[in-house]
Amino acid sequence: MASIQQALQEGIQRLQVRDGRGGEQNPRLDAQVLLGHILQVPRATLYAYPERELSAEQEKRFRELIERRARNEPVAYLVGEKEFYRRDFQVDARVLIPRPETELLVEAALKEARRRLDAGEMPVVADVGTGSGVIPITLALEEPRLPVIYACDVSVEALEVARANCQRYGVEERVILLQSDLLQALPQPVDMLLANLPYVGTDELPQMAPDVWNYEPHLALFSGPDGLGLLMRLCREARQYGMLRPGGWCVLEMGYLHQEPLTRLVKSLWPEADVACISDYAGLDRHLVVRLPGSNQVP
């Protein structure tokens, strides 16, 4: 039977020669995460006890996961969870894997929610395209004063994952899950509208890494040829049906080329709105922030 050190070396070597284009390739980290998952120990333990032997079953399971990773299956799906905002969330092939840049959306939303709460408001919040539920669950945990957060998704399967995560963190009574095509099922207008909708264009498919387009749900990835379809429809429907209250605030995660067309659309719908951008960790425009004028404006 192999020791931890031997298993890691074997796994790293296999991943270094894996076939096809991968996404972010880090064979050492991938092997560590997978072996730690099999042994149910922190990664640091792998190097504290390199001589520890694996059981035959553990060695077999580790090699199976290494082979799946070598075929570009995402590590998050292999271990069944992904860290987001310092917490682990269940993920599988029914939902998109949370990205680090979405934490910036959460930080902006928390800042806005706290401004309103501190001013005596009780903002109504909705997250559209919630997927695994990481955005509303994180908001509920980080800001207990928010009584209710609506979490919408068109996918019933994604909502099943979100429900499991709500139960895991005990927020199922505060995060209200709605099966909804964008804003269709929202029971009332909101003060804060958050959206991490699909924003990848089908024209970008040839450039995508296979661990994304082969495994992550296309329903959660693609939105027309240029990726703008759902974002633009959300804005139009929010305006048409009055789903963003006067003084309302909205943040949209978007592709790095979407800032100009989305800003033009927003200004055509709400000429007096203030529009700003939040850059991601690479310095690219990643979130469009819209603030409407109105009586609910926080000074």
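Here Leu219 is tied into one hydrophobic group with Val154, each link being a pair of ILVMFWY side chains closer than 4.5 Å. Leu284 forms part of a hydrophobic cluster together with Tyr256, Leu257, judged by ILVMFWY side-chain heavy-atom separations under 4.5 Å. Using a 4.5 Å cut-off between side-chain heavy atoms of Ile, Leu, Val, Met, Phe, Trp and Tyr, Tyr77 falls into a hydrophobic cluster with Val91, Val95, Ile97, Val161, Tyr215.
The ring-ring contact (aromatic ring centres under 6.0 Å, His included) search around Phe89 returns Tyr169, not counting sequence neighbours. Residues satisfying the side-chain hydrogen bond (donor to acceptor under 3.5 Å, both in side chains) test with Arg52, not counting sequence neighbours, are none. With sequence neighbours excluded, the residues satisfying side chain to side chain contact (heavy atoms under 4.5 Å, CB included) with Arg145 are Arg114, Leu117, Asp118, Glu143. Residues passing the side chain to side chain contact (heavy atoms under 4.5 Å, CB included) test with Val200 are Glu204, Met208, Phe222, sequence neighbours excluded. Glu57 meets the side chain to side chain contact (heavy atoms under 4.5 Å, CB included) test with Ser55, Lys60, Arg61; sequence neighbours excluded. Partners of Gln188 under the side-chain hydrogen bond (donor to acceptor under 3.5 Å, both in side chains) rule, at least two apart in sequence or in another chain, are Tyr150. By the side chain to side chain contact (heavy atoms under 4.5 Å, CB included) test, Glu81 is found to be paired with Val79, Asp88, Arg168, residues two or more places apart in sequence or in another chain being considered.
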Could you please spell out the steps behind the side-chain contact (heavy atoms from CB on, under 4.5 Å) verdict for Val289 and Trp249? CA-CA 7 Å; Val289 182; Trp249 183 90; 3.4 Å; yes
Residue pair Cys166, Ile137: steps toward the side-chain contact (heavy atoms from CB on, under 4.5 Å) verdict: CA-CA 7 Å; Cys166 285; Ile137 293 170; 3.8 Å; yes
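To the nearest 0.5 angstrom, Gln32 atom CD is 11.5 Å from Ile4 atom CD1. Taking CD of Gln58 as the start and CD1 of Ile38 as the end, the distance is 8.0 Å to the nearest 0.5 Å. Residue Ile149 holds its CD1 atom at 10.5 Å from CD1 of Ile135, rounded to the nearest 0.5 Å. Arg28 contributes atom CZ, which lies 10.0 Å from atom CD of Gln13 (distance to the nearest 0.5 angstrom).
Proximity of Leu288 to Val251: side-chain heavy atoms (C-beta onward) are nowhere separated by under 4.5 Å. For the pair Ser268 and Leu265, the minimum side-chain heavy-atom distance is below 4.5 Å. By the 4.5 Å heavy-atom criterion applied to side chains, Leu193 and Leu252 are not counted as neighbours.
For the salt bridge (Lys or Arg N to Asp or Glu O under 4.0 Å) condition, no pair includes a residue of residues 252-269, sequence neighbours left out. For residues 153-166, the side-chain hydrogen bond (donor to acceptor under 3.5 Å, both in side chains) pairs, not counting sequence neighbours, are Arg94-Glu160.
Looking at Gln40, its side chain does come within 3.5 Å of a backbone N or O of His37 through a donor-acceptor pair. Within the 3.5 Å criterion, the main-chain N or O of Val124 finds a donor-acceptor partner in the side chain of Asp191. For Arg286 (side chain) and Met254 (main-chain N/O), a donor-acceptor pair under 3.5 Å exists by modelled atom type.
Residues Leu183 and Leu178 share a single hydrophobic cluster, defined by chaining ILVMFWY side chains whose heavy atoms lie under 4.5 Å apart.
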